[in-house]
Novice: 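Please see the structure below; I have some questions.
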Number of protein chains: 2
Amino acid sequence: MANEKVTSNDVARLAGVSQSAVSRYFTPGTSVSKKTADKIKAAAEELGYRPNVLARSLITGRSRIIGLVVAYLENYFYPEVVERLSKALQDQGYHVLVFISSIASEGVDQITQEILDYQVDGIVLASATMSSELAARCHASGVPIVLFNRLQDDVRLSAVTSDNRGGGRQLADLLVSLGHTRCGYIAGFEGASTQRDREQGFRDGLEAAGLSLFAREVGNFRYEEAQAAARRMFAGAERPDAVFVCNDHMAFAVMDVLRFELGLRIPEDVSVVGFDDVPPARWPAYNLTTIRQSVDDMVAETVAMLMQSIKQGDGTARRVTLDGTLVVRGSTRTKAPTEETR
Amino acid sequence: MANEKVTSNDVARLAGVSQSAVSRYFTPGTSVSKKTADKIKAAAEELGYRPNVLARSLITGRSRIIGLVVAYLENYFYPEVVERLSKALQDQGYHVLVFISSIASEGVDQITQEILDYQVDGIVLASATMSSELAARCHASGVPIVLFNRLQDDVRLSAVTSDNRGGGRQLADLLVSLGHTRCGYIAGFEGASTQRDREQGFRDGLEAAGLSLFAREVGNFRYEEAQAAARRMFAGAERPDAVFVCNDHMAFAVMDVLRFELGLRIPEDVSVVGFDDVPPARWPAYNLTTIRQSVDDMVAETVAMLMQSIKQGDGTARRVTLDGTLVVRGSTRTKAPTEETR
DNA sequence: ATCCATTTTGCATACGTATGAAAGGATGAG
DNA sequence: CTCATCCTTTCATACGTATGCAAAATGGAT
C-alpha cells in the first residue's frame, strides 16, 4: 500500500555523500574509498536500499534480461530447458523473461516484438522460428538471437542443436542391426527442422541397409495425435516390426497404444525408439531406447553464445551441433531373432 | 552490432509533432486528434518505433513484470503452471520473469530480493515459501505476493491452493469404501503445507473408518526418493494393500517399483492413488486414480488476485481454496473383494 | 613546507518516457 | 465578430541511475 521506494539519493543523504558515490559503490569495477564505502554500506542496509535494475538499464543500455520464447511445455524436454537455462543465466546475473507462443508462425513474430519492448539483451527461441524480416530487425538492433533445438535457413541466426540427422541415423542402424525390416516412422510437426533432420537421418540409415520406410504417419509432436498416428499405422494387416517416433513425448503415446489398445508386447512384437531422453524415458514403465540430447550441454553452449555476443558485441552468427548419445534400453529387442518366430 | 535505437523523439521529429504527442499516442486512455495520430502512426511505422517498456516503467512505477519463483520443474504440475500463468498474464499485458530457486529456505529470500530489483508489479511463489521478514518488506513496498499451491502462517500473504485436506479425505474415503484396511502413505517434503494437509486429510478419513496409517515413508517429492520409500514400505512381511502417494510425480515412481521390481499387480495386489492429475496420470501406462487440481482455475484465481492488488492498490491478503475433483481411474480396484482372495 | 601524481568525490547531464500545467486552436452560441 | 468552452498540443520536468569531467583530497617524495 504505502509505497516507500528508497533511492540512491536517500542513501546518499543519510550517508552524507553524493548520489554518484552511492552509484559507484554499487557498480562493480569502480573505486570508492574504504571510509565512504563503509558509510554507504551502513546507510544502504539501514534503509534496505537496492539499486533499481530498470533505471540502471535505461542508462547502461543493458537490461540483464534474456527473453525466452517457448511454444509448449507439454513436451517434457522443455521444462528441463527452462530450468537449466534460467539457472545458468542467473549465475551470470541475467534473468529470463518467458513468453509462451501459442500458435506456430504468426505468434512468434508478435511475441518477439513484445520481447524487444523490454530491451532484452538477448533472445532464445526454443522450439520456435521467426520470420527473416524480424530476424533482420533484431540483428539491426544488436539483439543476439539463439535458436534452441531448431535450425533455420537464415544464416544471421545462431543456433544450438544436437546432431538430429546423426541421431536418426544411429537409430536406424540399431534397428537394422537387430534384424528389423519393417520400420515405421511417426513424424513430428513437419515444419520443424528437428523433425526433418531426424527423419532424413533415419531414412539414410535404412537406405544404407537396402531398406526403406515401411510406414509413415504424422503426430505433430502431440500426445493425442501420436496415439491416432499409431492406430492408423497398425490398422493394416501387415504391421511394422519397429517404430521410430520423432520424440520421446510422442513415443510414450505410441507405446501406450501398442500395449494397452492393441495388446502388443514391446519389444517382443515391436521395437520402439524415441528421441530426447526426457526423464520418463528411463522410468521402468517406458524404459525407452532413445537418443540423449544433453540439455546441460546445449544450455551451456547457448549461454556461452549469448554472453559472447553481449559482451564482445560480436554480431556474427554461429551454429553449434552437439552429438547425441544412443541410450539403449528395454524398448528394443536385444538381438535379431535366429529363426522366424512369428 | 550497429545499435540503432529509435526513440519517441525520432518519431516526433519525423512526424513534425512534439515528443509528448507521440507518448500520448502510445498511451491508452489519452486523446490525440485524428490528424496527428495518422502522422505519428506513419512515422512510427516507417521507423519501426515501439515504446521502451523500461523507460516507461521508470516513470509510471509499474513494470508490467510479474516475478515467478519456482523450485523445480521436475514435477510436471509446474510446467503446466508456468505455461498457463504466462499465457494468462500475457493476455493482461504482463509478462513473467522466472526465477528458479534451487535450495529450499535460504534461496527463496535471496531470489526474491533479486526479483524486487526488477521492480516487479507482483510475485508468485510456486512451491516455495519466504521468510516473514521479507514478506513484510514486500508488503511495505506495495508488491503483492501470491503463494501458489502453498500456505504459510503469515496472514499478510495471499494464497491460492486447492483443498488439500479435503482431497486427502476423499482419497481415504475411496480406499476405505473399496475395503482397503492396510493403507500406506508416502509423504512429500515435510516442510510443505500441501504435504501436511494432504496427510492430515488422509488420516482423518482413515480414522473416521476406525483405521489408522499402516505404514509411512518420506519421498520428498522426488522420483528417486519415492522409489526408495516404496522399497522400504514393501520390504516387510506384511504389506500395505493400498498406498496414497502425496503427489502424482512420486506415485509414478511407486507404481514402477511395485510393478517392475516387486512384480505386484495394480490394482489387484495393491491400489495406488496420487494427487494433482498431471498429464501422465491419464496415460494408460499409469492410469492413476488421483485428485485433480485444476491448474486453469488456480491460475485464473492467481491472476485475478494480482490484478486486483495492482489496480486497486488493495493490500489486503486473501486466501482462496479451490475444490479438488476425485478422478477414479484404473490404479484402484473397483470394489471390495467379496471374500478373502489372498 | 612544496609540489606532483594519484585517487576520490561531487556536479551536471543523459537515458527514454509520462504527465501536470500552460498555451494554442477549433467550435459554436450569441 | 466576440467570447467562452472544450479539445489538442507543447513545454518543462521528473523517474532513478551511470558516468565524463573537473575539483578536491590524499599521499609521497623532495
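Proteins get letters first, then strands, A, B, ... in listed order; numbering begins at 1 in each.
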Novice: Give the first and the last nucleotide of DNA chain D, reading 5' to 3', that has any atom under 4.0 Å from a heavy atom of chain B.
Specialist: D:dT8 to D:dG16
Novice: Using 30° and 60° as the class limits, which term best fits the ring planes of B:F77 and B:F148: parallel, tilted or perpendicular?
Specialist: tilted
Novice: Shortest non-hydrogen contact from B:V320 to B:E301?
Specialist: CG1-CG, 3.5 Å
Novice: If you look at every strand shown and take non-hydrogen atoms under 4.0 Å, does A:T30 touch a base, only sugar-phosphate, or nothing?
Specialist: nothing
Novice: Which heavy atom of B:Q90 sits nearest to which heavy atom of A:I100, and what is that distance?
Specialist: OE1-N, 2.9 Å
Novice: With no hydrogens and no angle check, is any side-chain donor or acceptor of A:S57 less than 3.5 Å from a backbone partner on A:S63?
Specialist: no
Novice: List the atom of A:H95, the atom of B:V98, and the distance in Å for their closest heavy-atom pair.
Specialist: ND1-O, 4.4 Å
Novice: How many angstroms lie between CG in A:L89 and CE in A:M307, if you round to the nearest 0.5 Å?
Specialist: 5.5 Å
Novice: Is a salt bridge present between A:D38 and A:K34, judged by a nitrogen-to-oxygen distance below 4.0 Å?
Specialist: yes
Novice: Would you mind reading off the bend of the helix from C:dA1-D:dT30 to C:dG30-D:dC1 from its two end axes, five pairs each, to 10 degrees?
Specialist: 40°
Novice: Under the 3.5 angstrom rule, does the side chain of A:Q19 hit a backbone N or O of A:A12 as a donor-acceptor pair?
Specialist: no
Novice: For B:I59 and B:S33, take the nucleotide of DNA chain D holding the closest heavy atom to each; which residue's nucleotide lies nearer the 5' end?
Specialist: B:S33
Novice: Would you say B:K311 has more than 12 foreign heavy atoms packed within less than 6.0 Å of its NZ?
Specialist: yes
Novice: Give me each pair satisfying ring-ring contact (aromatic ring centres under 6.0 Å, His included) with a member in residues 6-29 of chain B, each pair once, sequence neighbours excluded.
Specialist: B:F26-B:Y49
Novice: Which pairs count as salt bridge (Lys or Arg N to Asp or Glu O under 4.0 Å) when at least one residue sits in residues 50-78 of chain A, sequence neighbours excluded?
Specialist: A:R50-B:D117, A:E74-A:R222
Novice: Are the side chain of A:S309 and the backbone of A:P144 linked by a donor-acceptor contact shorter than 3.5 Å?
Specialist: no
Novice: Could you pull out the closest heavy-atom pair between A:V299 and A:L85, with the gap in Å?
Specialist: CG1-CA, 3.8 Å
Novice: Tell me, which of residues 37-58 of chain B have any heavy atom that sits under 4.0 Å from an atom in DNA chain D?
Specialist: B:L58
Novice: Which of residues 19-28 of chain B have a heavy atom under 4.0 Å from DNA chain C?
Specialist: B:Q19, B:S20, B:S23, B:R24, B:T27
